[in-house]
Amino acid sequence: MRTMHCGAVTTADVGRRITLCGWVAKRREHGEHLAFIDLRDHTGIMQCVVEGTVDVRSEYVLQIEGTVAPRPEGTVNPQIATGAVELQDCVVSVLNAAEPPPFAVDDRADVDEPARLRHRYVDLRRPKMQRNLRLRAAVNSAIRRSMDTQGFCEVETPLLWAPTPEGSREFAVPSRLHQGKFYALPQSPQLAKQLLMVAGFDRYYQIARCLRDEDLRADRQFEFTQLDLECAFATEQEIRASVTEAVLDAAEAATGIRPDSVQTMTWKEAIDQYGTDKPDLRFEMRLIDLSEVFAGTEVKAFAAPCVKALRVEGGATMSRSQLDNLVDRAKSLGAKGLAWFKVTSNDGALGLESPLDRFLSDAERSQFLTTTGAAAGDLIVVVADEYRLTCSVLGTLRVDLGGKPVSEGPYRYVWIIDFPLYDGVDSDGRPEAAHHAFTMPHPEDLDRLETDPLSVRAQSYDLVLNGWELGSGSIRIHRADIQNRVFAAMGIDAEEAEERFGFLLGAFKYGAPPHGGFAFGIDRLVAIFAGENNIREVIAFPKTQSGADLLTGAPLELPAKQMTELGIRTVPKPV
RNA sequence: GGACCUGUGGUGCAGCUCGGAGUGCACGCCGCCCUGUCAAGGCGGAGGUCGCGGGUUCAAAUCCCGUCAGGUCCGCCA
C-alpha cells in the first residue's frame with residue numbers, strides 16, 4: 001500500500017513519485033486553493049500539499065500518492081526531519097475516517113493518565129510511546145542476541161504451574177477438568193529453570209513473563225518481564241559476567257553507549273554507607289557513623305545501638321515545616337524520631353542550631369562536627385536505633401534529600417554481592433531466607449550455619465541501576481546434605497521439605513549439576529533507558545495501582561455458566 | 001490495611017483559604033473567511049451531573065462528613 005515511511009523521505013528522493021500511509025497529524029487550510037496535510041506514521045511527519053480543498057480531519061487514516069519536491073525558498077522547516085521536502089501533486093485516499101481523538105496525539109500534551117489508559121490505542125500513537133515501545137523491542141532483541149551469542153538456549157516454561165507456598169502471593173487459576181483445584185501463575189520460572197539444569201540445558205534463558213499478586217507501584221506491575229537465566233557448571237563470577245554482558249549489550253542498543261564498567265560492592269558496604277541494598281551511586285552523601293561519638297551519651301534520643309547521620313550540603317535553609325515533614329517521613333519509615341542540626345558559623349567558629357543542641361556535651365558537639373565534616377549552612381540529620389532500622393531510614397532519606405529521578409543520567413550500575421543468607425527471623429524466631437531457600441551459603445561461612453545462622457553470607461547477588469533493583473540471582477544448593485542443613489536452620493524438617501518442594505528435591509536425586517542463575521526486570525531497565533520514572537510508560541497495556549485495566553474493565557465478573565463450569569462460587573466480602 | 005495529593009466542557013488549567021448566577025484562560029471541536037503554512041491566521045459558535053452521596057446555610061465548585069476513581073509512598077513484593 002505504501003512505498004515509503006513518512007519520516008524517511010529526504011532530499012535524495014526529490015522527483016520520485018511515492019505513496020505514503022498514515023494518520024492526519026494536522027491540516028492547515030488556506031481557502032479553496034491550497035491546503036497542507038501533515039501525515040504521520042511511526043517514523044515521522046511528512047507535509048503533503050494539496051492544490052484545492054481537502055475533506056479530512058485529525059487522525060483520519062490516509063493513503064497519499066505524490067511527488068517529492070524541495071520546499072520553496074523560505075518555507076523549509078528545520079524543526080522536523082523531513083522539513084526540507086514536501087509531497088506535491090497529491091492524490092489523497094481516505095482509508096478510514098476518524099472521530100476527533102479524546103486528547104491530542106502529540107508529545108506536548110500532558111494528559112491525565114486515566115484518560116490515556118482508557119484510550120491506550122490513541123495514547124500509544126503518540127511519538128513518545130512509539131519510541132518507548134520500540135526501544136523496548138530493541139532491548140529485547142539485543143538481549144536475545146547477547147544470550148544466543150553467549151551460547152544460552154531459550155526454553156519456554158509453563159504459565160500454568162503448581163502453587164508453591166514460598167515467596168510472593170500468586171495468582172490462582174481454577175481448573176475446569178479438576179474442579180476445586182487450581183494452577184498458579186508463576187512468580188518466576190525459578191523452579192522450572194532449576195529442573196532444566198538437571199535436564200542438561202546447561203545455559204538456559206528466557207524472556208519470561210512473571211506474575212505476582214502484590215500491590216502495585218511505580219516500578220511494579222502484577223505482570224512484568226524478566227530476562228531469566230540459569231547456568232550449570234558456572235561460578236558466581238561467571239554468571240555475573242554473563243548477566244553484565246547482556247545488560248551492557250542492552251544498554252548499548254538502547255543508548256548507543258556501552259558502559260565501561262559495573263562496580264561491585266558487598267551488601268555490608270552498601271547498607272553501611274548507603275543504608276540500602278540498592279544504592280543510587282549517582283550522588284555521594286553517604287551515611288556517617290556517629291555511634292562512637294555518642295557511645296555513653298547523656299542525650300536520651302541518641303542512646304541506641306547505632307547512631308548514624310546524613311550531611312545535607314546547604315540544607316540549613318530548610319524551613320521549620322520542611323523539617324517537620326522530614327521528621328514525619330522518618331517516623332513513617334519506622335524511626336522513633338529524627339534529630340536535625342543546622343550548622344551555623346559565628347566568626348568562623350562552627351556551631352549548631354537544633355532543639356537538641358543544648359543537651360550535647362562540648363566534646364560531643366566538637367566530635368559531631370569533625371566526624372560529619374560539617375560546613376556552615378549544612379543540615380545534619382541523625383537517626384539512632386537498631387542498626388538495620390537506622391540504616392534503612394537514613395537510606396530512604398538520603399534519596400529523598402539528594403536523589404534525582406531514576407531515569408536521569410548518568411547510568412551507575414553496581415553489583416551487590418555477599419547478601420546474608422537469612423534476613424532476620426520470623427514471628428516464631430526461625431531465620432527467614434533472604435533470597436530463597438535454595439540459595440547456597442558462602443563456603444567460608446558454612447560451619448556457622450547451625451551456630452550463628454544470621455551471620456552466614458549467601459552466594460547471592462543483585463544488580464542495581466540508579467537506585468532501582470534490576471534483578472537478583474544466586475548460586476543454588478545442589479547437594480542434599482547442605483540443603484537439609486539450610487532447611488533445618490529455618491525449622492523446616494524433612495517431611496515439610498518433601499511436601500513443599502518434593503518435585504524439585506526428587507529431581508535433584510538424579511544428577512543435579514552445580515548451578516546458579518539470575519533474573520532481571522526488563523520493564524525497569526527499559527524505563528530507565530527511556531527516561532521514564534514509571535514502568536507503565538514502557539508497557540503497552542498497564543494496570544492502575546488498584547490492578548484495574550481501564551481499557552477493558554478487567555477484572556470482571558464471569559457469566560454464571562462459566563462459574564458453574566469452573567466449580568467456583570463467590571461469597572460476600574466479610575465485613 | 002494505612003498516610004498524603006488530585007478530581008471543574010473533549011484536553012490542560014485558574015476559581016476553593018474569605019460561600020453569592022457555571023466566572024475565566026489556553027488548546028481542541030463546529031461554521032464562515034483566507035494561495036505557502038507548519039503549535040498557521042481572522043471572525044463567529046457549540047459544548048458543564050464542578051467525580052458521586054449526604055450535611056451545614058437564605059445560598060455550596062468553594063465549608064463539613066462519607067464514598068468512588070487516579071497517583072505517590074508505607075506495609076507487602078522469597
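Just so it is clear: chains get the letters A, B, ... in the order the sequence lines come, proteins before strands, and each one is counted from 1.
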Length of the line joining [X]:[atom1] and [N]:[atom2], which is rounded to integer Å:
X         : N      : atom1 : atom2 : result
Asp112(A) : C27(B) : CG    : P     : 21 Å
Leu39(A)  : C38(B) : CG    : C1'   : 14 Å
Leu333(A) : C76(B) : CG    : P     : 12 Å
His30(A)  : C32(B) : NE2   : P     : 17 Å
Asp123(A) : G10(B) : CG    : P     : 19 Å
Arg217(A) : A3(B)  : CZ    : P     : 15 Å
Phe103(A) : G12(B) : CZ    : P     : 9 Å
Asp215(A) : U72(B) : CG    : P     : 13 Å

Quick check: any donor-acceptor pair below 3.5 Å linking the side-chain of Glu32(A) to the base of U35(B)?
no
Less than 4.0 angstrom between a side-chain N/O of [X] and OP1 or OP2 of [N], yes or no?
X         : N      : value
Ser58(A)  : C29(B) : yes
Thr544(A) : G70(B) : yes
Gln545(A) : U72(B) : yes
Gln221(A) : C77(B) : no
Lys26(A)  : A39(B) : no
Arg28(A)  : A40(B) : yes

Would you find a donor on one side and an acceptor on the other, under 3.5 Å apart, between the side chain of Arg485(A) and the backbone of Leu446(A)?
yes
Main-chain N/O of Glu223(A) paired with Arg212(A) side-chain donor or acceptor, under 3.5 Å:
no
Toward the 5' end of RNA chain B, by each residue's nearest nucleotide, Ala115(A) or Arg220(A)
Ala115(A)
When Ala104(A) and His33(A) are each assigned the nearest nucleotide of RNA chain B, the 5'-most assignment goes to Ala104(A)
Under 6.0 Å between ring centres: does that hold for His515(A) and Phe508(A)?
yes
What do you reckon, are the aromatic ring centroids of Phe520(A) and Trp468(A) less than 6.0 Å apart?
no
For Arg116(A), which contact category applies under a 4.0 Å heavy-atom criterion: base, sugar-phosphate, or nothing?
nothing
Any base atoms under 4.0 Å from Glu86(A), or only sugar-phosphate, or nothing? Heavy atoms, all strands.
base
I'd like to know if Glu386(A) pairs up with Lys336(A) as an ion pair, taking the criterion as any Lys NZ or Arg NE/NH1/NH2 lying under 4.0 Å from an Asp or Glu carboxylate oxygen.
no
